[in-house]
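Take a look at the structure set out below.
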Amino acid sequence: MAEFKTEDGKMEKETVSKNFIEQIIEKDLQEGKCETVHTRFPPEPNGYLHVGHAKAILLNYGLAQKYHGKFNMRFDDTNPTKEKEEFVESIKEDIKWLGADWEDRLYFASDYFDQMYEAAVKLIKKGKAYVCDLSPEEIREYRGTLTEPGKESPYRSRSVEENLELFENMKNGKYKDGEKVLRAKIDMASPNINMRDPIIYRVAHMTHHRTGDKWCIYPMYDFAHPIEDAIEGITHSICTLEFEDHRPLYDWVVREVGYEHPPKQIEFAKLYLTNVVTGKRYIKRLVEEGIVDGWDDPRLVSIAALRRRGFTPESIKSFVELCGVSKSNSSVDYAMLEYCIREDLKLKKPRVMAVLDPIRLIIDNYPEGQVEELEVENNLENEALGKRTVPFCRELYIDREDFMENPPKKYFRLFPGNEVRLMHAYFVKCESFVKDENGNVTEIHCTYDPETKCGTGFTGRKVKGTIHWVAAPTAVEAEVRLYENIIDEEKGVYNEDGSLNLNPNSLTVRKCYVEPGLKDAKPYDSFQFVRQGYFCVDARDSKPGALVFNRIVSLKSSFKLPK
RNA sequence: UGGGCUAUCGCCAAAUGGUAAGGCAACGGACUCUGACUCCGUCAUUGUGAAGGUUCGAAUCCUUCUAGCCCAGCCA
């Protein structure tokens, strides 16, 4: 029981450095600026979540966990023109799947509409907000440009009483959309355009998916968000870089409305995957034109797509952690994601045999009609995954790439006269092969050596190659889908004529043969197909008796067949 | 050319004035009932976008450049 063997000089030191957000939080904690950590993930329910969102979710949730704080789920539903109930359900599902637990703290910005209205009234009373009658075009003109200051609205100096009355009228539906807005009175000459009397409430006669027709005015993000955070007691409001310019306004709102414990906004860089498109417009077009079969098509990187493809929540979590958090715009190589899923699956999932491109192999000296049930480990590295049996007989399928008539140097697999091991079974020697009229190999004839059976401890001679196989009579026919990245990046998403720039080989579908044991596989079951990579049973298209496997990721191969 | 932000190996990313971590990828090699996995090794030697400066000492501080990203929705 040598449990505590210490090896000098080999101290496993955890050198995981803290990211800049953790540093800020720890400083705030130390200095007593906050007592606990409370974060949130605040999506607008206007679409599906993708890997980029996973970073925000896991970051916020992870921070709450790490500092024993809380994590809120909140839908930022302040613009009914874009939002749908459908999206709130899919977002909740994806976040749950990722493992971020908001416990009982599921909120909606629309729950706070009354408080936001009161906050606006408060600002008006303080002389910090006014109702403006300028048209959208005029507001834009008055706002100035990036290089020139704006000019003040003629309605800027309305009395508090008048503003109060007009704002109430706005709420009561006396005005049409666009007729009036409520603006914060800040500084039309600010170099930061967000501070040039930003609009904080607009009129929109729209049915909201949760509040129905109760409201016809809706708060703008810049006004609503800090209030939502403050109401929920969020200590660190983590968002993406493009909101940096909004921070002064965020702080202004929190200060002027008068919250005692103001939340702090911290910005980080979004996660981009190199050569992967996450744009909603583009994906929408792919879906609408039937090029992909939905928002969860495995070629996409929505959370739902990754799930369907066979990625695990753990793999996405480790991916996000591996990427790190910083403020520099960057895009991470897809290989990093592949590494994470391989890493997660390789010890957890059975290594089974599947033949993707079959050729028939006949063992001439094996008794006709005989079937052996070979007992094999599900995963050589992980005994806990147990054993299964695989039938072996005279006629097998092997992969076409495992036989060559004229092999190049260092080709260890089957070729005339060569002997290889059939994985988990016997040594087999290629005696002859048959070609069809087109010159394609259709049948390989071998002889086997009964002495060499797996598990007998045979050491008489060695063989350089081992190949996988499936017994022909009992093989289960399945479909495999091999996915490639859908976009060829260099050229961009759209061609010059406006058509989509697609990789024509983004999806290859073919029939394959798998071990009979796999006929009972369930959706989301994943396996390592020996030498072919990791595959997951498609959770959408797979019906009993009609197995469909999506390739999660291929294995690295250090032997490339010459062309 | 107003304001905000960023710049460290092919890709992420540490280093908080004390002499450039780590991971991915790549490349060698060992091992192997698959060439995967695993394991070992190599991969920023006047080099941290550039040029100057301060300092015993600079990726870190100062100056001046350069490049990229974001902002002129009644979107978030």
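Reminder, nothing fancy here: chain letters follow the sequence lines and each chain counts from 1. Note that this is a predicted model, so its numbers are computed, not measured.
The separation between A:Y339 atom OH and B:C37 atom P is 11 Å, rounded to whole Å. We find that CD of A:E179 is positioned 13 Å from C1' of B:C74, with the value rounded to whole Å. Atom CD in A:Q265 sits about 12 Å away from atom C1' in B:A76, given to the nearest Å. In this structure, the CG atom of A:D333 is 6 Å from the C1' atom of B:C11, given to the nearest Å. Taking atom CG of residue A:D222 and atom P of nucleotide B:A76, one finds them 8 Å apart after rounding to whole Å. One interatomic measurement links the two molecules: CZ of A:F535 to C1' of B:A36, which rounds to 14 Å at whole-angstrom precision. What separates OH of A:Y272 from P of B:C24 is a distance of 25 Å, to the nearest Å. Separating the CD atom of A:E321 from the P atom of B:G23 is a distance of 16 Å, rounded to the nearest angstrom.
Nearest nucleotide to the A:M336 side chain, out of B:A76, B:C24, B:A36: B:C24. Side-chain proximity of A:L555 to B:C75, B:A36, B:A25: nearest is B:A36. For A:C454, the side-chain atoms get nearest to B:C33 when compared with the rest of B:C74, B:C33, B:A36.
Counting any heavy atom pair closer than 4.0 Å across all strands shown, A:T456 reaches no nucleic acid atom. Looking at heavy-atom distances under 4.0 Å, A:H225 makes no contact with the nucleic acid at all. Contacts of A:R140 with the nucleic acid, taken as non-hydrogen atoms under 4.0 Å apart, involve only primed sugar atoms and P, OP1 or OP2. As judged by a 4.0 angstrom heavy-atom cut-off over every strand, A:Y218 is placed among residues making no nucleic acid contact. Backbone-only engagement by A:K556 is indicated by non-hydrogen atom pairs under 4.0 Å involving sugar-phosphate atoms exclusively. Using a 4.0 Å heavy-atom criterion, one finds that A:R247 contacts no nucleic acid atom at all. Using a 4.0 Å heavy-atom distance criterion, A:G178 is classed as a base contact. Within 4.0 Å of A:T145, counting heavy atoms only, lies at least one base atom of the nucleic acid. Note on A:G47: nothing from the nucleic acid sits closer than 4.0 angstrom, heavy atoms only. Residue A:R531 is in base contact, counting any heavy-atom pair closer than 4.0 Å across all strands shown. When heavy atoms are screened at a 4.0 angstrom cut-off, A:S331 is found touching the sugar-phosphate backbone but no base atom. When heavy atoms are screened at a 4.0 angstrom cut-off, A:L134 is found touching base atoms of the nucleic acid.
Residue side chain A:D245 reaches the base of B:G3 through a donor-acceptor N/O pair under 3.5 Å, judged by distance alone. Taking 3.5 Å as the limit, the base of B:C75 and the side chain of A:K82 contain a donor-acceptor pair of atoms between them.
Aromatic ring pairs are classed by plane angle as parallel below 30°, tilted from 30° to 60° and perpendicular above 60°; the pair A:F243 and A:H246 is perpendicular. A:F535 and A:F549 have perpendicular rings, their planes meeting at more than 60° on a 0 to 90° scale where under 30° would count as parallel.
Nearer the 5' end of RNA chain B, as judged by each residue's closest nucleotide, is the contact made by A:G324, out of A:G324 and A:P43. Residue-to-nucleotide proximity on RNA chain B shows that, of A:V325 and A:K462, the 5′-proximal contact is made by A:V325.
In terms of modelled atom types and a separation under 3.5 Å, the side chain of A:Y411 and the main chain of A:F403 share a donor-acceptor contact.
Close to B:G73, at under 4.0 Å from its OP1 or OP2, lies no side-chain N or O of A:R196.
Between A:R531 and A:D402 a salt bridge is recorded (basic side-chain N to carboxylate O distance below 4.0 Å).
Under a cutoff of 6.0 Å and an axis angle of 45°, A:K180 and A:Y175 form a cation-pi pair. Both tests pass for A:R210 against the ring of A:F108: distance under 6.0 Å to the centre and angle within 45° of the axis.
Looking only at atom types and distance, the side chain of A:Y534 has a donor-acceptor partner in the side chain of A:Q528 under 3.5 Å away.
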- Nucleotide-level pairing of RNA chain B, given in dot-bracket where Watson-Crick and G-U pairs need both distances under 3.5 Å and | marks other strands: .((((((..(((.....[...))).(((((.......)))))......(((((..]....))))))))))).....
